[in-house]
Amino acid sequence: MSSLCPFARATNGGGVCPVKSDKSNAGVCPAKSDKSISGVCPVTGKDHGSELKESSDHGEEKSTDPRVVPAKCPFGYDSNMFKLGPLSCIVCQALLHESSKCKPCAHKFCKACISRFKDCPLCGADIEGIEPDAELQTLVDRFIDGHARIKRSHAKGDVEAAGGKNKVIYEDVSMERGAFLVQQAMRAFRAQNIESAKSRLTMCADDIREELKSSEANLDLCSQLGAVLGMLGDCCRTLGDVPSAITYYEESAEFLSKPPAKDLELVHTLSVSLNKIGDLRYYDGDLQSARNYYARSLDVRRNAVKEHSAVASQVIDLATSLAKVADVDRNLGNESAAVEGFEEAIQCLEKLKLDSEQASLEQRRLSVLDFLNNQLADK
């Protein structure tokens with residue numbers, strides 16, 4: 001799964017990231033690091049707290065709409081102080097999904113998480129059985145629904161009827177709902193609680209689709225949805241649901257193709273989605289279909305290198321795509337095209353000069369180069 005947050009602009013853009021990182025594992029909500037919950041954007045380095053202060057200093061009036069509740073979590077939490085608590089699973093460090101209680105100790109975890117243990121991770125007691133805790137899960141679901149809402153205008157008449165009464169509209173709670181859901185999904189995914197990750201990402205995708213109904217031309221929403229759909233594809237792929245994975249990856253590529261190809265992270269995510277479809281087709285034995293997707297990814301990366309020839313990671317990505325297409329050509333019996341592709345990839349990597357501060361990229365370059373040389377030696 002990608003480590004870049006779809007709710008953060010690319011590092012080369014200089015935009016404002018609405019995502020706050022949390023205090024659990026490294027890795028993240030698609031380009032954020034899950035290490036702190038400061039107001040500083042991990043992508044742009046900007047202090048969101050100061051930005052919020054600046055916006056209020058510029059004379060923006062607070063809403064006086066009586067339907068709007070102040071930006072406080074109805075359960076007493078705030079995303080700036082969100083830590084593991086009674087609504088979180090200590091195993092995956094995300095909010096509980098399919099809350100389950102151990103017998104006899106009564107400690108509570110996600111069903112998928114605790115099913116991997118014979119002894120309680122908290123107290124060490126033998127687990128004699130596991131039973132669902134519907135009441136706790138209902139509380140978790142209410143927390144998710146009330147903790148962070150999508151930002152939206154509160155125009156007159158923007159009231160939802162609920163049992164004959166006006167439904168309260170919560171303001172955003174310092175972290176947008178989409179970023180919050182992705183944050184929880186990434187925690188769960190890292191801990192191999194894939195069903196939990198898939199559930200949170202599905203909610204996020206549904207939210208963005210709903211927003212797109214009223215703003216179809218919003219390219220930021222398209223790129224966010226494309227990234228989230230790609231992560232849903234990763235979840236399905238991990239669960240062994242190849243048809244669903246391909247469907248998500250294809251839809252991801254469709255949405256990621258809509259914005260202009262100027263954002264390098266967007267270009268990378270698009271090419272990766274296309275390659276993942278190619279990989280699944282390749283493993284399924286459909287070589288021609290695999291080649292078509294690899295070739296589409298190659299075209300995306302060629303164009304990116306034309307615009308950003310000095311970006312080393314883009315050159316290595318290009319060489320990788322050339323190798324994928326060449327490998328399929330060889331398996332299809334087109335040896336001359338395969339050799340040509342391998343040689344072009346080698347030339348790209350040999351021309352690439354990296355300094356000592358780019359050790360990880362140099363390691364990757366050498367790894368791909370070694371693979372390519374081995375392929376040519378086997379001709």
Side-chain angles (χ1 to χ4, degrees), residues 1-3 20-30 32-37 73-148 175 177 179-204 228 231-242 244-245 248:
M1 184 180 287
S2 171
S3 62
K20 316 288 189 299
S21 53
D22 61 81
K23 290 189 176 181
S24 81
N25 304 327
V28 266
C29 164
K32 73 185 195 87
S33 169
D34 249 1
K35 291 187 178 177
S36 70
I37 300 193
C73 171
F75 293 93
Y77 289 84
D78 179 79
S79 55
N80 279 332
M81 54 182 280
F82 183 78
K83 301 181 179 69
L84 292 179
L87 303 184
S88 301
C89 172
I90 196 172
V91 177
C92 67
Q93 300 186 10
L95 290 173
L96 288 159
H97 176 69
E98 296 185 338
S99 303
S100 299
K101 180 166 56 178
C102 294
K103 296 167 62 177
C105 67
H107 287 130
K108 299 166 185 179
F109 309 88
C110 297
K111 180 180 178 181
C113 293
I114 196 58
S115 296
R116 303 197 293 264
F117 291 85
K118 294 182 179 180
D119 301 325
C120 175
L122 275 175
C123 66
D126 291 341
I127 298 176
E128 298 177 3
I130 299 172
E131 61 182 21
D133 191 330
E135 184 177 350
L136 177 58
Q137 189 58 52
T138 298
L139 184 60
V140 173
D141 294 340
R142 287 177 58 204
F143 173 77
I144 292 174
D145 189 47
H147 176 64
M175 179 186 291
R177 178 178 169 88
F180 176 75
L181 290 171
V182 171
Q183 175 198 69
Q184 296 300 310
M186 294 304 298
R187 287 185 178 190
F189 190 90
R190 286 195 302 272
Q192 295 301 302
N193 190 347
I194 311 303
E195 289 292 352
S196 175
K198 184 180 176 184
S199 172
R200 308 308 182 212
L201 291 170
T202 299
M203 293 173 66
C204 184
V228 171
M231 288 188 283
L232 275 167
D234 291 339
C235 290
C236 292
R237 185 178 184 178
T238 304
L239 292 170
D241 186 358
V242 174
S244 294
Y248 279 125

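Heavy-atom basis, side chains included; hydrogens, waters and symmetry copies ignored. Small disclaimer: the values here were computed from a predicted structure and weren't measured.
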Would you say that [X] contacts [Y] through its side chain, given a criterion of any heavy-atom pair below 4.5 Å between the two side chains?
X      : Y      : result
His97  : Lys111 : no
Cys120 : His107 : yes
Ile130 : Phe109 : no
Lys198 : Cys236 : yes
Leu181 : Leu201 : no
Val91  : Phe117 : yes
Ile114 : Pro121 : yes
Tyr248 : Val228 : no

Please give me the minimum heavy-atom distance between [X] and [Y], naming the atom from each residue.
X      : Y      : value
Asp241 : Ser244 : OD2-OG, 2.7 Å
Cys113 : Cys92  : SG-CB, 3.7 Å
Gln192 : Thr238 : OE1-CG2, 4.4 Å
Cys235 : Ile194 : O-CG2, 3.5 Å

Could you grab the distance from atom [atom1] of [X] to atom [atom2] of [Y], nearest 0.5 Å is fine?
X      : Y      : atom1 : atom2 : value
Cys110 : Glu195 : SG    : CD    : 11.5 Å
Cys105 : Ile127 : SG    : CD1   : 6.5 Å
Cys204 : Leu232 : SG    : CG    : 8.5 Å
Met186 : Met231 : CE    : CE    : 6.5 Å
Leu96  : Leu87  : CG    : CG    : 7.0 Å
Phe143 : Thr138 : CZ    : OG1   : 15.0 Å

_With a 3.5 Å distance limit and no angle check, can you tell me whether Glu131 reaches the backbone of Lys101 through a side-chain donor-acceptor pair?_
no

_Keeping Arg187 on the side-chain end and Gln93 on the backbone end, is there a donor-acceptor pair under 3.5 Å?_
yes

*asked:* Less than 4.0 angstrom from a charged side-chain N to a carboxylate O is my criterion; do Glu128 and Lys103 meet it?
replied: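 No, this pair does not count.
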
*Would you check, one step at a time, whether the test side-chain contact (heavy atoms from CB on, under 4.5 Å) holds for Arg237 with Leu239?*
CA-CA 5 Å; Arg237 185 178 184 178; Leu239 292 170; over 6 Å; no

*asked:* If only side-chain N and O atoms count, and only distance matters, is there a donor-acceptor pair under 3.5 Å linking Asp133 with Gln137?
replied: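 The criterion, which ignores hydrogens and geometry beyond distance, is not satisfied for Asp133 and Gln137.
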
